[in-house]
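Notes follow once the structure below has been shown.
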Number of protein chains: 2
Amino acid sequence: MDRKVATIQDVARIAGVSTATVSRTLSKPSVVARSTREAVLDAIETTGYRINATASNLRRQRTGTVIVLLPDIANPFFSQILAGLASVLTPAQYGMLIADTQSGPDPDEQLAHYLTSGQADGVILLDGTLSPRALDIPGRPPVVMACEWMDTTTPSVRVENARGAALAVGHLARLGHRHIGHVTGPTGNVLSETRLEGFRDALSALGLPLRDEWVIEGDFSMDSGAAAARAWLALDSRPTGLFLSSDQMAVGFMGELQRRGLTVPSDVSVVGFDNIEIARHLSPGLTTVRQPRTRIGVRAAEMLLSLIDTGLLEGPTEMIEVEFMARESSAAPPR
Amino acid sequence: MDRKVATIQDVARIAGVSTATVSRTLSKPSVVARSTREAVLDAIETTGYRINATASNLRRQRTGTVIVLLPDIANPFFSQILAGLASVLTPAQYGMLIADTQSGPDPDEQLAHYLTSGQADGVILLDGTLSPRALDIPGRPPVVMACEWMDTTTPSVRVENARGAALAVGHLARLGHRHIGHVTGPTGNVLSETRLEGFRDALSALGLPLRDEWVIEGDFSMDSGAAAARAWLALDSRPTGLFLSSDQMAVGFMGELQRRGLTVPSDVSVVGFDNIEIARHLSPGLTTVRQPRTRIGVRAAEMLLSLIDTGLLEGPTEMIEVEFMARESSAAPPR
DNA sequence: ATGAAAGCGCTAACAC
DNA sequence: GTGTTAGCGCTTTCAT
């Protein structure tokens, strides 16, 4: 085989045309004559020519790269969103540069770094704890958030978090629960706040009581779910139904209770949020609110591409629907 | 702020030096005089200059990109390896291009595509089912496998899979189990094969019997674990202890049994492989074999960088140790 | 419909 | 120790 890689020059020489024609054949085939087009394609075939993305990008003043900023690569929750992103970005010839905001020192500064570095044609934000002011950079590339944020002007893909919380509360209330508690996500995270707010609103809409001690602080992790179980056990008056802001916490919560000899749902009903794969494999199956994570990624990527290409967007925000999944971890309260 | 981005020319003009000196200041600071170096750094500061990676890469005939090929981005098992890879690659100024081998039609062809496309300075393979012949491409970039493979000549990071299986079997045998079964990973996957082989060898070394029907075929997924539970239930003579080739399958297995009213470990002892986070949050906690996944990623990335930079490697293969984690899903067999 | 030619921003010989 | 210069491979006016 050839020792060196073929360049556009080689193709041009073999096809007996100029490099400009080869370039056109690849980018705007309709403007070259059929016969020359075929000659060029033949030459490409015989040389095994592949366009050099670096040179192309340099000339076109773009990078061909999208930066994805997320709080934690190792969190499986994000991997499905990544899969959705990749399914759109890869065919569009964009590479994904994945960066972990929590690994470095100051996440906000990292965001600013990427926005000014010129290393990317666009940025996708999956970290809801970054400060909106970090986006105040003139001439920055387009940004799409695939998470809720204080800021409502930046393009974003959002999930019906408040409605999800209301579905969870409604479900428990319909089963007969009157004492319903909540385990939150991390403070300062907008997902946490929105779900907590949705939880509170749903309770008061139903005329159900809410005690402060029934709101237990978590951070989405399994460990914090296990800790919430211990907190719940220590309560004087325990809610009979619990809505947890993530399935991971629900897993930790149920596991801890079961290891202490309690039973779900006889002792307490549990509802999670996310519908991670394991939810239906647990015993009891975990009742939860499904978020279509792949779809979140797909839509975010599509919005970003549209922003990069045209600078335009149909609507600034897209809302993704959630779906309630009733399983066996919730039942009528003990009497 | 400036409308346009500063280039090396702007810096050179302001610092009163040539572009070459600016470039040197950044790449080999030791060769420029202290005073000029400071002037250049000042100019960089005031202009907010950031090196244009695309131009630099074009000139240096590299891409600054490493391609990571994995079977399934959405699988949490890989996300921790990715985190390990990123922790090495990002500081070294390499971007990770993540590609899913299972999304397209022919995985082998995809690998070949990336190898010839010149889109990357190196490739990291996390898919053990790709055919070794796909690597037979002259002039291809360096490849490191972070998974076992038939081929032992390609640089790779491996895990002591056979030893892990032996640890699992030894543990069950020590508890008194004499009828031990296995749920495999997908056929054709080297991880599966190696663990199955390790399982068989350990049994015969201990003089324990192995019936064909005690080896149940799985594919690493929770669903296949649940299916294995049904298969186990249907056996005439059931093994009292089971080693499953992945924790995900163990989760599916235990969940299915529990939903059918059986109890682990009273009815059957379960040992998994991986030590995914949930293992210790289950009830009962899952006995398993830990693989240090972040470390796998770190070492693979280090090996690849060394290969890219120097073309050399200390040893062609690095073996990563596994660690046995005894929890509550395994106990003495029912008598 | 096609070609000639001018760079995109940077680095690395090679001079001095 | 520093400057000059020639491209890396491609796209895109501007002519023809």
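Heavy-atom basis, side chains included; hydrogens, waters and symmetry copies ignored. Each chain gets a letter, A, B and so on, in the order the sequences are listed, and its residues count up from 1.
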Check: Phosphate oxygens OP1/OP2 of C:dT2: is one of them under 4.0 Å from a side-chain N or O of A:Thr36?
Finding: yes

Check: Under the 6.0 Å and 45° cation-pi test, does B:Arg62 pair with B:Tyr94?
Finding: yes

Note to self: Without decimals, in angstroms, what is the distance between B:Arg34 CZ and D:dG1 P?
What the structure shows: 13 Å

Note to self: Looking only at the side chains, is there a donor atom on one of B:Asp121 and B:Thr63 sitting less than 3.5 Å from an acceptor on the other?
What the structure shows: yes

Note to self: In this structure, how many angstroms lie between the P atom of D:dG9 and the CD1 atom of A:Ile8, rounded?
What the structure shows: 11 Å

Notebook entry, point to check: Where the side chain of A:Ala55 is concerned, which of D:dT11, D:dT2, D:dG9 is the nearest nucleotide?
Noted result: D:dG9

Check: Which nucleotide sits closest to the side chain of B:Arg60: C:dA12, C:dG9, C:dT2?
Finding: C:dA12

Check: Does A:Glu318 come within less than 4.0 Å of A:Arg295, counting only side-chain N to carboxylate O?
Finding: yes

Checklist line | Atom-pair distance (CZ on A:Arg13; P on C:dT2), nearest Å | finding: 20 Å

Notebook entry, point to check: C:dG3 base to A:Arg24 side chain: any donor-acceptor pair below 3.5 Å?
Noted result: yes

Check: Is the phosphate of C:dG9, meaning OP1 or OP2, less than 4.0 Å from a side-chain N or O of A:Gln61?
Finding: yes

Note to self: Is there a side-chain contact between B:Thr21 and the phosphate of D:dG3, meaning an N or O under 4.0 Å from OP1 or OP2?
What the structure shows: yes

Item checked: Rounded interatomic separation in angstrom, taking CG from B:Asn57 and C1' from C:dC8 -> 14 Å

Checklist line | Value in whole Å for how far the C1' atom of C:dC8 lies from CG of B:Asp10 | finding: 14 Å

Check: So does B:Ser18 get a side-chain nitrogen or oxygen closer than 4.0 Å to the phosphate oxygens (OP1/OP2) of D:dG3?
Finding: yes

Next item on the list: Would you mind reading off the distance between A:Arg59 atom CZ and C:dC8 atom P, rounded to a whole angstrom?
Entry: 8 Å

Note to self: Less than 4.0 angstrom between a side-chain N/O of A:Ser23 and OP1 or OP2 of D:dT11, yes or no?
What the structure shows: yes

Next item on the list: Measure from CD on B:Gln9 to P on C:dC8 and round the result to the nearest Å.
Entry: 8 Å

Next item on the list: May I ask you to say what B:Ala20 touches in the nucleic acid, namely base, sugar-phosphate or nothing, with a heavy-atom cut-off under 4.0 Å?
Entry: base

Notebook entry, point to check: Nearest of C:dG3, D:dT11, D:dG9 to any side-chain atom of A:Val17?
Noted result: C:dG3

Note to self: For a quick check under 3.5 Å, do B:Arg140 and B:Thr116 share a side-chain donor-acceptor pair by atom type?
What the structure shows: no

Margin query: Taking the minimum atom-to-atom distance to the side chain of B:Leu58, which one of D:dC10, C:dA5, D:dC8 wins?
Written below: D:dC8

Check: When the distance from NZ of B:Lys28 to P of C:dC10 is rounded to whole Å, what number comes out?
Finding: 16 Å

Item checked: Under 3.5 Å side-chain donor-acceptor pair for B:Thr47 and B:Asp10 -> no

